[in-house]
Amino acid sequence: MSATWVLTDGHAGNQRQASALSQALGRAATDWTLHPRAPWRWLAPRRLIGAERAFGPDFVSALSARPRLAIGCGRQAALATRLLRGPGCAAVQILDPRIDPAHWDLVIAPEHDGLRGGNVITLLGSLNPVDDLWLAGARKAFPAFGALPGPRTALLLGGPSAHAAFDQAAFDALAVQLQALLEREGGSLLATTSRRTPVEIRARLRERLARLPRVSWYEPGEGTNPYPGLLGWADRIVCTADSVNMLSEAAATCAPVFAFGVERVDGRPRRFIDSLLSLGRVRVFDQSLLAYPVVPLRETARVAQEIRQRLALQD
């Protein structure tokens, strides 16, 4: 076992954030995918009687050999990091645990969640691995995108959620504007959908845009996901405004980013988008997609440095 453990419920977004933080800290980590049991999973991260048994016998045994640092992301992991915290083991929890942050050494939370406290580190957006080295690796892994004519427009498609009212009409409007742009300018379109993109919308957009020349289209399950290559080679990025994670990663690149459907988003995600717009890092999607000066948003490195200082971690 390494001196750092990364604990999540296995969901891709949680795993990505926790792993990105351990990498930014420069610490090799042991990954734990948690399989919580009833009744503890229902009220995690509250510490009910017998909570040590929430994740099975392997985790019970592991409690006797705690790591130097435990990093968790998500509600179930918050119970695990709370159980691990103790002499010699610092617990860092990513995302608002919905109970008093004092149960952890540090809590890392997006600014738009509104969580504050002496041991809370806030960031704009979500933790992610995107930096210059990551982008260079992405270009090396997907060299074919570099041969496509520019400007290369990366299209990152999300979907409707509790805070995002995206429907067929919205995606049709996006397709019309992108089609006109590509017919006017030429260049290439590199598109990827997410698990939240409705099947019928995927099919309709793919049919419409794939008829254009120089279009690369990917959907989940179609082999190796070229998403890193899209970010690495993009001259500009169009991202639907529903996804905090996708917008955060797009903003960490060196490309201009244009958010589509900002007016359709509310609540905490809207507060995040408004922050990006006020900083000038992201602009509202329009038919011109004119380039502008970019300063990449690299919050993960800043957060990692603050954690090193607060916990006196040695590289």
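For the single chain, residues carry numbers from 1 onward in sequence order.
Of all heavy-atom pairs spanning S275 and L124, the tightest one is CB-CD1, 3.5 Å. Across all non-hydrogen atoms, the minimal contact from R268 to D113 is NH1-OD1, 3.0 Å. Closest non-hydrogen pair, R208 versus A175, comes out as CD-CB, 3.7 Å. A138 approaches W233 most closely through the heavy-atom pair O-NE1, 4.5 Å. Smallest separation of non-hydrogen atoms from D132 and C254: OD1-SG, 4.2 Å. Closest approach of R75 and L43 over heavy atoms only: NH1-C, 4.1 Å.
Looking at D31 and W5, their side chains never come closer than 4.5 Å, going by heavy atoms from C-beta outward. Looking only at side-chain heavy atoms (C-beta outward), T8 and L34 stay at 4.5 Å or farther from each other. Looking at R98 and P45, their side chains never come closer than 4.5 Å, going by heavy atoms from C-beta outward. Within the 4.5 Å cutoff, side-chain heavy atoms of I121 are placed close to those of I307. Looking only at side-chain heavy atoms (C-beta outward), P67 and C89 come within less than 4.5 Å of each other. With contacts defined as side-chain heavy-atom distances shorter than 4.5 Å, the pair L69/I71 qualifies. Side-chain atoms of P97 and L115, non-hydrogen and from C-beta on, do get closer than 4.5 Å to each other. Contact of the L231 side chain with the W134 side chain is registered, since non-hydrogen atoms from C-beta on lie closer than 4.5 Å.
Not one N or O on the side chain of E111 forms a donor-acceptor pair closer than 3.5 Å with the backbone of T122. Between the side chain of Q17 and the main chain of L127, a donor-acceptor pair closer than 3.5 Å is present. A side-chain donor-acceptor contact under 3.5 Å links R270 to the backbone of V262. At distances below 3.5 Å, at least one donor-acceptor pair connects side-chain atoms of Q93 with backbone N or O atoms of G74. In this structure, T240 contributes its side chain and D242 its backbone to no donor-acceptor pair below 3.5 Å. The closest donor-acceptor contact from the side chain of R82 to the backbone of H103 lies at 3.5 Å or more, if one exists at all. Looking only at distances, a side-chain donor or acceptor of R152 sits under 3.5 Å from a matching main-chain atom of L148. The backbone N or O of T193 sits nowhere less than 3.5 Å from a side-chain atom of T197 that would complete a donor-acceptor pair. With hydrogens and angles disregarded, no donor-acceptor distance shorter than 3.5 Å links the side chain of N14 to the backbone of A12. The main-chain N or O of R16 is never found under 3.5 Å from a side-chain atom of S19 such that the two would form a donor-acceptor pair.
Taking CD1 of I273 as the start and CG of D266 as the end, the distance is 10.0 Å to the nearest 0.5 Å. Going from atom CG of L190 over to atom CG of L230 covers 4.5 Å, rounded to the nearest 0.5 Å. In this structure, T33 OG1 and F55 CZ are separated by 12.0 Å, a value rounded to the nearest 0.5 Å. Distance check: L95 CG to S126 OG gives 8.5 Å after rounding to the nearest 0.5 Å. Rounding to the nearest 0.5 Å places CG of L205 at 7.0 Å from CG of D172. From L157, atom CG reaches atom CD1 of I201 across 9.0 Å, with rounding to the nearest 0.5 Å.
Of the charged side-chain nitrogens involved, at least one lies within less than 4.0 Å of a carboxylate oxygen, so that R85 and D105 count as a salt-bridged pair. Between D167 and R264 there is a salt bridge, since at least one side-chain N of the basic residue sits less than 4.0 Å from a carboxylate O of the acidic one. Ion pair E207/R204 not flagged as a salt bridge, since none of the NZ, NE, NH1 or NH2 atoms sits closer than 4.0 Å to an Asp/Glu carboxylate oxygen. Remark: R206 does not engage E200 in a salt bridge, criterion side-chain N to carboxylate O under 4.0 Å.
Ring geometry for F171 against F166 counts as tilted: the plane angle lies between 30° and 60°, on a 0 to 90° scale.
Put simply, V176 and L155 are part of two different groups of oily side chains (I, L, V, M, F, W, Y) that touch within less than 4.5 Å, one to the next. Cluster annotation: V244 is not connected to V107 through the hydrophobic network of ILVMFWY side chains, with a link wherever side-chain heavy atoms come within less than 4.5 Å. Grouping the Ile, Leu, Val, Met, Phe, Trp and Tyr side chains by contacts below 4.5 angstrom, directly or via other members, places Y227 apart from Y218. Hydrophobic cluster membership differs between L7 and W104, with clusters built from Ile, Leu, Val, Met, Phe, Trp and Tyr side chains linked at under 4.5 angstrom. Under the 4.5 Å side-chain contact rule for hydrophobic residues, I99 and I108 do not share a cluster.
The closest side-chain donor-acceptor pair between R27 and T4 falls under 3.5 angstrom. Between the side chains of R41 and Q76, no donor N or O sits under 3.5 Å from an acceptor N or O. Side-chain N/O atoms of E249 and N245 include no donor and acceptor closer than 3.5 Å. For the residue pair R308/Q305, the side-chain donor-acceptor check at 3.5 Å is satisfied.
Residue R195 places its CZ atom among 12 or fewer non-hydrogen atoms of other residues, nucleotides or ligands, all under 6.0 Å distant.
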R139 and F145: CA distance, side-chain angles, deciding distance, side chain to side chain contact (heavy atoms under 4.5 Å, CB included) verdict | CA-CA 8 Å; R139 290 190 291 271; F145 291 148; over 6 Å; no
Take D131 and R298, measure what salt bridge (charged side-chain N to carboxylate O under 4.0 Å, His left out) needs, and give me the verdict at the end.
-> CA-CA 7 Å; D131 58 17; R298 303 276 170 84; over 6 Å; no
Take R281 and V294, measure what side chain to side chain contact (heavy atoms under 4.5 Å, CB included) needs, and give me the verdict at the end.
-> CA-CA 7 Å; R281 177 59 191 96; V294 168; 3.4 Å; yes
Side chain to side chain contact (heavy atoms under 4.5 Å, CB included) evaluation trace for T192 with N225 = CA-CA 9 Å; T192 183; N225 189 342; 4.1 Å; yes
Between E185 and R214, does a salt bridge (charged side-chain N to carboxylate O under 4.0 Å, His left out) hold up when you go through it step by step?
-> CA-CA 12 Å; E185 289 190 358; R214 297 174 297 280; over 6 Å; no
Chi angles and distances behind the side chain to side chain contact (heavy atoms under 4.5 Å, CB included) call for T253, I237 | CA-CA 9 Å; T253 72; I237 300 172; 3.6 Å; yes
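Scanning for ring pair (Phe, Tyr, Trp, His ring centres under 6.0 Å) contacts around F258 gives Y292, with sequence neighbours left out. By the ring pair (Phe, Tyr, Trp, His ring centres under 6.0 Å) test, H112 is found to be paired with F272, residues two or more places apart in sequence or in another chain being considered.
The distance between the ring centers of W32 and F59 falls below 6.0 angstrom.
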